[in-house]
Amino acid sequence: MKFSWTRVRAIFHKELRDYRRNRFIVYTMGVLPLIFITIPIIEIFAIPASAQLSTRAGLPLLYLLIIPAIVPSTLAAYSVVGEREQGTLEPVLATPISREEFLVGKALAALVPTLGIAYLLFGIFFAVVALFANSVVASAVFDRSHLLVLLLFTPLLAGWSIWVGIAISARSSDVRAAQQLGVFASVPPLAVVVLMSLKVIDPTLALALGLAAVLLVFDGIGWRAVAAMFDRERLMTGARR
Amino acid sequence: MTSANEAATDLLAPGGKREAPALVVDHLTKRFGPRVAFSDVSFDVAYGEVFGFLGPNGAGKTTTVRTLGTLIAPTSGRASVAGIPLTPRNGQQIRARISIMPESPGLYLRLTVAENLRCFAGLYELADAGGRIERALKAVNLTERANDPCGSLSKGLRQRVALARAILNEPAVLFLDEPTSGLDPVAAREVHELITSLRARGVTIFLTTHRLEEAERLCDRVAILNTTLRLIGRPDELREQLFTRNLEVRTHAPLPDPGRVFAGLKDVESWQQTPSGSYLLAVTDPDAAAPGVARALVGSDADVLSIAESRHSLEDVYLELIDEDVEAKRR
Ligand SMILES: Nc1ncnc2c1ncn2[C@@H]1O[C@H](COP(=O)(O)OP(=O)(O)O)[C@@H](O)[C@H]1O
Ligand SMILES: [Mg+2]
């Protein structure tokens, strides 16, 4: 049978509805990003005009990148084990859905809200900087390489967190443990971006593109690995086997 | 899809799909590591039949349903489901033509009844989802609750939603795994009535239960499973099959020498004294044996209170079987 976007859509819509009515998830999706946008805004206003502007202005952007790395990991980590705990996994897997359709539906349901939240918060951040920050600082923030890093790395970091999160979720028997592990696992690719933002690694355009390509490959591998690792029997019984 | 289907159907019955059984299970076994969930199970189920799979907890009923539903792979043996051979490649096709109502309803509790069904209509890629959902809800008398969140429903109502979800795709074979377990008698009766009405519509149903009277009441045929298949047949046949017919003789006082009284009778195969003091005579035909027994008793001056056929209920048969297994395991 060929890949069915109808089935992917069914999972996707169901997930979004469920998220919206899940207090824990609404709280996580609301509060975590708030923290990671408040800190960079404070940072920006704390920068003295004489400081090494580019480096100091890069740091707040880093906080912003934590949003796409961490927000979807909570969602993805919940995705399989959450359904297993509710007993809803079995009826879903008993339908004609293929594991690829199931996983893509789950991944998109984590990715789309993440991108929405992340880009919204970036918008708010830049608006605040443009309107209220010292003009020297503002121009350092609006550096082209910063913007590129943000735009490019947001979906790529999210992709990584999602596949790692789903993989952990599928092997877990406990939602909380899965979520903690998921957050932890979303950190490594962030580290590279950190080094770049702090200019430990020189953030040339070529390097950024190279890193993005590597991350893209990792996302692809993550998807294939997750799809290959988990057959129906595994998804249903999880860590029990 | 069609070619694989036809090939499968040809294999089973040259005449065409309808004549092929809905389920063919052939020496099927599932092990989880060293643990045997079920072993060497074989049976057929015809289209339109309600087939009961009866066994105690841990007998392997759920694992059988999951295996036939392609959720887990068998360790060995063969099967065909809705005319399609059970192979890893055919999983999706098989799942499109069946549905499973699992032991726990597994509803999205934060979603409404209609939202739950809409999700599954999408997963089955059903055309006219709205109409199907409406008909399924009507079939389980839940039209009024369509917009209630499933979390607000009672256990019995949730079970009905799960049943509506299971008939949404008009499955060729409907698997019901312990559909009434944990329900109060009223809710259980409602589910029984729904199953009876599905049966009347010709839906093929594979129903597991650990409750004998449920199997007896709802099913055309019953298989008794306890890791291996013990017995299979119509409820009345099963009773007949395991029914060693007995005459029970009650006397006012114990017989001084029962051996002498019963031994010479040609219709009596054996006799034993029950703990309550009555005598149980194994006979081939109670009606033929009774007069001779009565004469012998009178002849030996016994004070006879009653001579009656003692009936085994299917329940006795079932318990006896399960007991044998428990004892066999203890050994
Ligand atoms: N995923 C699994 N891993 C290991 N053992 C299992 C698994 N599922 C079921 N079993 C075992 O298989 C046997 C049959 O279980 P099950 O099919 O659930 O029985 P029933 O539904 O008749 O109560 C039990 O001994 C059970 O412990
Ligand atoms: Mg069971």
Side-chain angles (χ1 to χ4, degrees), chain A residues 1-26 78-106 108-109 228 230-241, chain B residues 1 4 30 32-33 35 62-63 65-74 88-112 115-127 129 149-151 158 161-162 165-166 168-169 171 175 177:
Chain A
M1 268 189 202
K2 66 180 207 318
F3 192 89
S4 156
W5 285 102
T6 310
R7 286 194 281 267
V8 172
R9 235 184 350 257
I11 294 288
F12 177 78
H13 284 303
K14 183 276 293 177
E15 290 284 276
L16 291 194
R17 281 207 180 95
D18 204 38
Y19 290 162
R20 281 205 302 269
R21 295 171 202 170
N22 184 334
R23 265 219 256 113
F24 175 76
I25 283 180
V26 168
Y78 179 79
S79 64
V80 180
V81 65
E83 291 224 17
R84 189 157 46 224
E85 275 190 1
Q86 296 175 56
T88 51
L89 195 56
E90 184 170 356
V92 169
L93 293 181
T95 71
I97 196 166
S98 69
R99 64 181 161 204
E100 284 86 1
E101 290 157 356
F102 178 77
L103 292 170
V104 168
K106 288 280 178 181
L108 283 179
F230 301 107
D231 57 2
R232 228 152 266 267
E233 192 160 344
R234 267 263 177 72
L235 282 172
M236 272 195 40
T237 52
R240 238 182 107 185
R241 277 203 325 157
Chain B
M1 179 160 176
K30 175 66 185 179
F32 295 103
R35 175 180 281 158
T62 298
T63 308
V65 168
R66 287 177 174 171
T67 305
L68 295 177
T70 78
L71 289 165
I72 57 182
R89 282 181 60 95
N90 291 342
Q92 234 179 333
Q93 275 180 52
I94 292 177
R95 290 196 300 278
R97 304 193 52 190
I98 62 167
S99 69
I100 301 178
M101 180 167 112
E103 251 170 307
S104 70
L107 305 172
Y108 296 106
L109 297 182
R110 282 181 283 265
L111 268 50
T112 67
E115 284 167 346
N116 267 278
L117 297 185
R118 188 157 288 279
C119 172
F120 279 77
L123 293 177
Y124 283 107
E125 295 188 289
L126 299 178
C150 288
R158 286 182 195 182
V161 179
R165 186 183 63 194
L168 207 53
N169 65 329
F175 290 89
D177 195 1

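The chains referred to below are lettered A, B, ... by the order of the sequence lines, with proteins before strands, and numbering in each begins at 1. Keep in mind that what you see is a predicted model, and the values were worked out from it rather than measured.
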> Go through B:L71, B:L109, B:I100 and name the one with the most non-hydrogen pairs under 4.5 angstrom from chain A.
B:L71

> Between B:L111 and chain A, which part of the residue has a heavy atom less than 4.5 Å away: side chain, backbone, both or neither?
both

> If we only count heavy atoms from C-beta on, is the B:E125 to A:R7 side-chain gap below 4.5 Å?
yes

> Does a side chain donor of either A:E83 or A:Y78 reach within less than 3.5 Å of an acceptor in the other side chain?
no

> Do you know which of B:N169, B:I72, B:L123 has the most heavy-atom pairs under 4.5 Å to chain A?
B:L123

> Side chains of B:R95 and A:T95 only: does a donor on one sit below 3.5 Å from an acceptor on the other?
no

> With sequence neighbours left out, what residues match B:R158 under salt bridge (charged side-chain N to carboxylate O under 4.0 Å, His left out)?
none

> Under 4.5 Å from any heavy atom of chain B, what part of A:V92 do you find: side chain, backbone, both or neither?
both

> Under a 4.5 Å heavy-atom cut-off, does chain A meet the side chain of B:R118, its backbone, both or neither?
neither

> Which residues pass the side-chain hydrogen bond (donor to acceptor under 3.5 Å, both in side chains) test with B:T63, sequence neighbours left out?
none

> Just checking, is any N or O donor in the side chain of B:T62 or B:E103 under 3.5 Å from an acceptor N or O on the other one?
yes

> Give, as side chain, backbone, both or neither, the part of B:A162 having an atom under 4.5 angstrom from any heavy atom of chain A.
neither

> Go through the atoms of A:R21 and report whether side chain, backbone, both or neither lie under 4.5 Å from a heavy atom of chain B.
both

> Taking side chain as everything from C-beta outward and backbone as N, CA, C, O, which of these in B:P105 sits under 4.5 Å from a heavy atom of chain A? Side chain, backbone, both or neither.
backbone

> Need one label for B:F175: side chain, backbone, both or neither, based on atoms under 4.5 Å from any heavy atom in chain A.
neither

> Below 4.5 Å, heavy-atom pairs only: which of B:P102, B:A166, B:P88 has the largest tally toward chain A?
B:P102

> Using a strict 4.0 Å threshold on nitrogen-to-oxygen distance, state whether A:K14 and B:E115 make a salt bridge.
no

